[in-house]
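What follows is a short report on a single structure.
Lettering of chains follows the sequences in order, A, B, ..., and the numbering in each one begins at 1.
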Amino acid sequence: MNNKLPNSLFRGSNVVKIARKLLGSHLFTNFNDELTSGIIVEVEAYCGATDKACHAYPDKVTPRTKIMYESGGVAYVYLVYGMHHLFNIVTNAGGSADAVLIRAIEPIAGVAVMQKRRNTNQNNKLLTGGPARLTQALGINVSHNKSDLQGEHIWLTEGKHYTDKEIITSTRIGVEYAGDDALLPWRFHIKDNKYVSK
DNA sequence: TAGGTGATCTTG
DNA sequence: AAGATCACCTAT
């Protein structure tokens, strides 16, 4: 589609600011001619150098985290709990392991396709609210790890720009193991949006 | 609220 | 080689 978000937007040095700025962008996938998209309404930031909640903390390169050290604009997709695929956007310049977890989208294109993939006829937060729900709805799985977000399968476009009053800041979900860093205000979501996970 | 599920990383 | 852990979801 037109006007893909440029890599320059992903390559800033402050992953928290980038995460917040991504709210309102549209996330697209196109697999086997099935086009789906949604508005990003919930995100979290992760920083490998300083953040105990990040897989790459403390700046540790492993086979899994290697992708996070790439220059911004590629996907980091991993499996948790043996069954859930979570989609992140790698940010920063090469060498800094930062990423933004996409936690919820508001469905726009291909709702029927998403419902089929999710095996539901609902269109509410059960469809795309939650990091593993949205990947299933969009058809994203670990085979898409390392995908280039300028490519033809997964990409973003510019969308609405929300004002400060429409954006809620909070702590991240499911990172209690990170001690003090679980308290960082690195989760952002759109106020009153019905697709936000919690 | 408890259980499912398997890759990933650490320990020995 | 074995064990613990896990950026979650679904059904009870």
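- There is no side-chain donor-acceptor pair under 3.5 Å between A/D181 and A/Y46.
- C/dT5 atom C1' lies 10 Å from atom NE2 of A/H55, rounded to whole Å.
- Residue A/A53 is in base contact, counting any heavy-atom pair closer than 4.0 Å across all strands shown.
- Between A/D148 and A/K4 there is no salt bridge, since no side-chain nitrogen of the basic residue lies less than 4.0 Å from a carboxylate oxygen of the acidic one.
- Residues A/E70 and A/K146 are not paired through a salt bridge, judged by the lack of any N-O separation under 4.0 Å between the basic side chain and the carboxylate.
- DNA chain C is contacted by A/Y177 of residues 177-198 of chain A, taking any non-hydrogen atom closer than 4.0 Å.
- Screening residues 92-111 of chain A for salt bridge (Lys or Arg N to Asp or Glu O under 4.0 Å) gives A/E42-A/R103, A/E44-A/R103 as the qualifying pairs, with residues at least two apart or on separate chains.
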Pairs under 3.5 Å (N/O, protein and nucleotides 2-5 of chain B):
unit_1, atom_1, unit_2, atom_2, d
B/dT5, O2, A/Y81, O, 2.5

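- Separating the C1' atom of C/dG3 from that of B/dT5 is a span of 16 Å, rounded to the nearest Å.
- Contact check for A/Y162 versus A/I190: side-chain heavy atoms found under the 4.5 Å cut-off.
- Judged by distance alone, the side chains of A/S170 and A/R187 do bring a donor and an acceptor atom under 3.5 Å apart.
- Summarising the geometry, the separation between NZ on A/K52 and C1' on C/dA7 is reported as 16 Å, rounded to the nearest angstrom.
- A/Y195 has its side chain within reach of A/P107: a pair of non-hydrogen atoms, C-beta onward, lies under 4.5 Å apart.
- Rounded to whole angstrom, the span from the CD1 atom of A/I173 across to the C1' atom of C/dC6 amounts to 16 Å.
- Going from atom OG1 of A/T135 over to atom CG of A/N141 covers 8.0 Å, rounded to the nearest 0.5 Å.
- Looking at A/T128 and A/R133, their side chains never come closer than 4.5 Å, going by heavy atoms from C-beta outward.
- Inspection of the A/N7 and A/Q150 side chains reveals an N or O donor paired with an N or O acceptor under 3.5 Å.
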| said: One pair to check against side chain to side chain donor-acceptor pair (under 3.5 Å): A/N124 and A/Q122. What are the steps and the verdict? | reply: CA-CA 6 Å; A/N124 53 32; A/Q122 308 204 57; 2.9 Å; yes
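- A heavy-atom distance below 4.0 Å to DNA chain C is reached by these residues of residues 87-118 of chain A, ordered by number: A/N88, A/L101, A/R103, A/R118.
- Cation-pi geometry between A/R117 and A/F31 is not met at under 6.0 angstrom from the ring centre and within 45 degrees of the axis.
- Ring geometry for A/W155 against A/F28 counts as parallel: the plane angle stays under 30°, on a 0 to 90° scale with 60° as the upper cut.
- Between A/V15 and A/N92 there is no side-chain heavy-atom pair separated by less than 4.5 Å.
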| said: Protein within reach of the bases, or only the backbone? For nucleotides 7-12 of chain B, mark each nucleotide 5' to 3' as B, S or -, using heavy atoms under 4.0 Å. | reply: -SSS--
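- Between A/L156 and A/I89 the shortest side-chain heavy-atom distance falls below 4.5 Å.
- Following rounding to the nearest Å, A/Y46 (OH) and C/dC6 (P) show an atom-to-atom distance of 12 Å.
- The closest side-chain heavy-atom distance from A/V100 to A/L22 is below 4.5 Å.
- Following rounding to the nearest Å, A/H85 (NE2) and B/dG6 (C1') show an atom-to-atom distance of 10 Å.
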| said: Wobble G-U and Watson-Crick pairs count when both distances are under 3.5 Å; given that, what is the 5' to 3' dot-bracket string of DNA chain C, with | for pairing to other strands? | reply: ||||||.||||.
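- Taking atom CD on A/E176 and atom P on C/dT5, their separation rounds to 14 Å, with Å as the unit.
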